[in-house]
Structures are given as structure tokens and as C-alpha cells.
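For reference, the structure discussed in these notes is given below.
Protein chains get the first letters and strands the later ones, always in sequence-line order, with residue 1 at the start of each.
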There are 2 protein chains.
Amino acid sequence: MKVLIVEDDLVLMDVLSFTLRREGYEVVHAQDGKTALEQFDTENPTIVLLDLNLPQLDGLSVCRHIRQKHDTPIIILSVRDSDEEVIEGLRMGADDYMTKPFSPAQLTARMETVLRRVGQSAPRKLSLGTATLDPERHLLEQVDADPIQFSPLEYSLIELLMINGERVLPTQTIIDRIWPGGGDKAMLKQLVYRLRQKIEACDIYIDSVPGVGYALVQRKR
Amino acid sequence: MKVLIVEDDLVLMDVLSFTLRREGYEVVHAQDGKTALEQFDTENPTIVLLDLNLPQLDGLSVCRHIRQKHDTPIIILSVRDSDEEVIEGLRMGADDYMTKPFSPAQLTARMETVLRRVGQSAPRKLSLGTATLDPERHLLEQVDADPIQFSPLEYSLIELLMINGERVLPTQTIIDRIWPGGGDKAMLKQLVYRLRQKIEACDIYIDSVPGVGYALVQRKR
DNA sequence: TGATTCTGTGACCACTTTGTGACCAACTCA
DNA sequence: TGAGTTGGTCACAAAGTGGTCACAGAATCA
């Protein structure tokens, strides 16, 4: 997936390039509005990150120009933070507007959010150790092992635990998120039991902290 | 267009209701997480505005529950503003995250931005492997095979699946899009059955992932 | 206007999923 | 030290799911 970063601040450009490459994106960039449009035509990026204060052609003009012919997601990154300016940017066709300074982690999360909406990216897979969870097919995949298929409730539980890393998730939080209509501890312990049986040959397991909750952790070697 | 506002602060609720009605939205609301899910099922809103700190069931549980089955846009409105919390909200399936306090004008601009991306029309022609869908004539064409003519509902389903690539589309999402007025799983499984019969000689087929949904995939050779 | 197609519905079936109850060991607390 | 709680285990049965088939009314077509 290719990102066009349009930014004249070279320090920020470097930080963003590094972060996005580490996330697996291919990165191209431009330092002024005119070059941005040229790059857009030649590189055909999946998403554009667009500063507004640019030499040669301002960012809003770039945004308007792209949006006249293309549906490519655009996120504006700007120091201008008044409501009027945010609204103008969004109405000019941007999909999101982040005011500087922002954290790279939040930027990549917002990029994923927009890409998810336009159907350009599969949901991110979650990993713990060598185990990888497939959110589309509700599978757990691991090297040298058959994938494990989960039922809806099993998947719901393991996803929650995996999102939380190896930290303990409180019992009542788990119950609320799995059974918003109402569940109880007996149902959860039964579900934990069934899930443990399915993953017993994996590198990960469900640890319980009595009186607190559960965590997904890696088996030690 | 119907908005479900999930907010337990009645002052903010009133302000938002007034603002959104003035913009032409139909507004329904809930003051706690459980009621929110009930309202979601009965009202089938176009978009959800979701506080996180809620009685009965927290907003992240509501968000996750909705997103497991539906692709209705969700914007989180919360006082929690750390990067971690924003990222968690977006990863739990929200389309945007606004921290309180925010201006109603920016909220409506962000709603428009997300809604702009919903229900976009299909590209001109869709292909998967050697099979090509003709949107004007509702045909599937393949080299060395007679074209297959689809009924309106059959075409609607295969187009949805083809837009999604070979990825799994959740059952309820498919139902929402094919029968906006309300469909059910029995209707969908019947439609899938009929469509499978029509494409059984093709290079593509409908794969089901029990408990999740369906995908259009290429037959392997 | 009759023929044909489309669509919603019901039924059957095999299988899976889920909620529940029961039992037990370990732990906590008064 | 006894009562109560909790987490783990096991089995049962109800509910749900996905696939298949056919029926019949509505819609469309020629």
C-alpha cells in the first residue's frame, strides 16, 4: 500500500516516512503542492497525507484538485486548528483532519480507519508470539500447525484477550463485551474452558488471575 | 437519515438533537449502553454518535457489538482523550473519535465526511480471476463460457461479494445492504443457494465461513 | 392475458453452538 | 474449622446454523 506524504517540514516527513514504512506502507513524498499533484498522477497512491501550508500551491487546492477526479482517501495534517479550517478541509473532500502536533500511532490508526471504510484494507491481524488471529475468517494461524477455526463466542473472547496484549482483562469487562445483552461468570468460565481446549496445542494459553480476570499469554520454552 | 445519539448527559443530548434536526437528520437517542443496542436493533440508524462513559454497558462494548455484525458508521464522542484511548476506540470499529468538548459544526462536518464514504457506487466493471461482472446488463462473463444472467437480488449479492474481493463479508452486513428495509438469514441462505447454482460452472464460487459470513473466491486448479 | 421468472417462506436435515446444571478442589474468611 | 466462593471440568439438551428442496404469490415479460 502506497502513501503519498505531502509535507514541507523535512523533520516531520522523515518521522512519518519511518513510521509508515515500519507499518508496511510504501512511501512517496512531495514538498510542495505542484509536485504533489505530479506525484499523485505518477504514483497513484492508496492514501494521501496532506499538509496545508505548502509552497507553490496550498494544500486545500491540492485536495480539491485530487477530489475532482479521484476517490483516494486524504487525511489533512495541519497546524491550523480552528473549527472553520477543519470544516473547510473536510468539505473540500478530506476524509480526516488532524491538527499538529499529533502522535504517529494515532495517525496510523486513523489511516487504518479510513482505509477500512473504503474497503482498501483487510482488518489488521493480531499476533502474540507466533500465533496470528485472522479477524475475517475467525481463525488462529501458527507456523507448522493447522489453523484453528473458532465459533462466534470463542472468537469474540480470544480477540478481546489478544487486543489487550498479555495484560489481564477484568472478568466483568469481558462479560459485558461478549454478552452485551447480559452474561454471567458461569457462561464465561465455560467459554474459557472450551477455548482453552481449542488452543491447547498453541504457543499461547489463557491464564486466570482469580478474583480479577483472564489474560492471553505466551507459553515459555 | 436517522442518527442514534448515545449520550447520558441530557444537556449535550439536547444540543446535539437540536443541531442535527436543524441539519435535517431524524434523531433517536439512548442514555445507556443496553438501551442503545435495543434502539439500534429497532431503529436501524444510518449513523451512531456514541459516548463511552455510559450506565449499564460501556460505549466500547456497544461499539464492538455493533461492528461485529454491521458496518453502520460510528463516531465516538468522549472526554477520554489519550492516544491509547483514541486508538482503542478506532480499533474497536469506530469511524471517527471526537474528544469533548467539540463544536456541533465540526461534528456535523465529520458526520458528512463519514457518510460520504457509505454506499458508494461500484466501479465500472468488476473482475475476479477470469470472471467479469457487467453492471449494466447484470451479467457475469467469462472466457469460453456463456454469460450468466442474474435476477436483481442475485446481482446485488454477487456485486457486493465481488466489490469485497476475496474477503469475507459478514452475514448481517450483507443482509443490511441487500434488503435495506429488512431481511433475514433465511432469505440470505436461499439467495446464496440460488446464486451458487447459477455460478457452479464458473471459476469462482461462494465460500461460507460459519458464524461469520460469505466470500467470493476463485476455484483452485 | 397467459407464461415465465423472481422472491419469500416453510420444512427437513445434519451438525454446531451455547446455556445450564452438577461435581469437585482450592482458596478465603469469620 | 466450617461455610461460602471461585475456577475448572464434564455432560446434557435446547437453540441455532447452513444447505437443500419445493410451494405459491407477486412481478415481469412477451
Side-chain angles (χ1 to χ4, degrees), chain A residues 136-140 146-161 168-201 204-217 219, chain B residues 41 65 68-69 137-140 146-161 168-200 205-217:
Chain A
E136 290 195 338
R137 291 183 167 265
H138 291 192
L139 293 175
L140 189 71
D146 288 336
I148 303 168
Q149 178 76 55
F150 297 117
S151 74
L153 285 180
E154 289 162 355
Y155 177 79
S156 188
L157 175 57
I158 197 166
E159 184 190 47
L160 269 183
L161 296 176
V168 177
L169 200 57
T171 297
Q172 193 56 50
T173 298
I174 298 176
I175 292 169
D176 286 346
R177 289 190 186 173
I178 294 182
W179 295 280
D184 60 36
K185 289 180 178 180
M187 290 160 71
L188 179 56
K189 73 181 184 177
Q190 183 57 52
L191 186 59
V192 168
Y193 177 71
R194 288 180 173 134
L195 185 52
R196 276 179 172 144
Q197 283 192 304
K198 282 196 168 177
I199 66 173
E200 72 186 340
I204 55 178
Y205 68 98
I206 299 172
D207 187 30
S208 68
V209 180
V212 181
Y214 296 91
L216 197 62
V217 296
R219 294 188 207 276
Chain B
D41 282 340
H65 185 83
Q68 274 175 334
K69 300 180 174 199
R137 297 189 287 152
H138 287 196
L139 294 177
L140 186 71
D146 289 336
I148 303 169
Q149 177 75 57
F150 297 117
S151 73
L153 283 180
E154 288 163 354
Y155 179 79
S156 189
L157 175 57
I158 197 165
E159 184 188 47
L160 257 187
L161 295 175
V168 178
L169 202 53
T171 296
Q172 196 56 55
T173 298
I174 299 175
I175 292 169
D176 289 346
R177 291 190 194 176
I178 293 184
W179 294 279
D184 60 35
K185 290 179 179 180
M187 290 159 72
L188 180 57
K189 72 181 183 177
Q190 184 57 51
L191 185 59
V192 168
Y193 180 72
R194 286 176 174 137
L195 186 51
R196 275 179 172 145
Q197 284 192 305
K198 282 195 169 178
I199 65 173
E200 71 185 342
Y205 68 97
I206 298 172
D207 186 29
S208 70
V209 181
V212 186
Y214 297 92
L216 197 62
V217 295

OP1 or OP2 of D:dG16 under 4.0 Å from side-chain N/O of B:Lys185: no
Nearest-angstrom distance from the residue atom NZ of B:Lys189 to C1' of C:dA11: 10 Å
Residue A:Ser151, side-chain atoms from C-beta onward, closest of D:dT9, D:dG19, C:dT17: C:dT17
Check against side chain to side chain contact (heavy atoms under 4.5 Å, CB included), A:Thr173 and A:Leu160: CA-CA 10 Å; A:Thr173 298; A:Leu160 269 183; over 6 Å; no
Given D:dA11, D:dG18, D:dC21, the nucleotide with the shortest approach to the side chain of B:Pro210: D:dG18
Between P of C:dG8 and CG of B:Leu191, the distance in whole Å: 8 Å
Most 5' of A:Thr171 and B:Arg196 on DNA chain D, judged by nearest nucleotide: A:Thr171
Candidates C:dG10, C:dG19, D:dT9 - which lies nearest the side chain of A:Met187: C:dG19
Length of the line joining B:Leu188:CG and C:dG8:P, which is rounded to integer Å: 11 Å
Given C:dT18, C:dT9, D:dG8, the nucleotide with the shortest approach to the side chain of A:Ser208: D:dG8
Integer-rounded Å distance: C:dT17 C1' and A:His138 NE2: 14 Å
5′-ward residue of the pair B:Phe150/B:Ala186 relative to DNA chain C: B:Phe150
A:Tyr214 vs D:dG8: side-chain N/O to OP1/OP2 distance below 4.0 Å: yes
Whole-Å distance separating the OH atom of A:Tyr155 from the P atom of C:dT18: 14 Å
B:Trp179 side-chain N/O to C:dT7 phosphate OP1/OP2 under 4.0 Å: no
Heavy-atom closest contact (B:Tyr214 atom, B:Ile174 atom, distance): CD1-CD1, 4.0 Å
Heavy-atom closest pair, residues A:Arg137 and B:Val217: NH2-CG1, 4.1 Å
Spacing between A:Asp184 atom CG and D:dT6 atom C1', to the nearest angstrom: 13 Å
Sugar-phosphate, base or nothing in reach of B:Arg194, heavy atoms under 4.0 Å: base
Minimum heavy-atom distance B:His138-B:Gln149, with the two atoms named: O-NE2, 3.3 Å
Under-4.0 Å side-chain N/O to phosphate OP1/OP2 contact, B:Tyr193 with D:dG18: no
Neighbour count above 12 (heavy atom, 6.0 Å) for A:Asp184 CG: yes
B:Gln190 CD - C:dA11 C1' separation (whole Å): 12 Å
Atom-pair distance (CD on A:Gln149; C1' on D:dT17), nearest Å: 14 Å
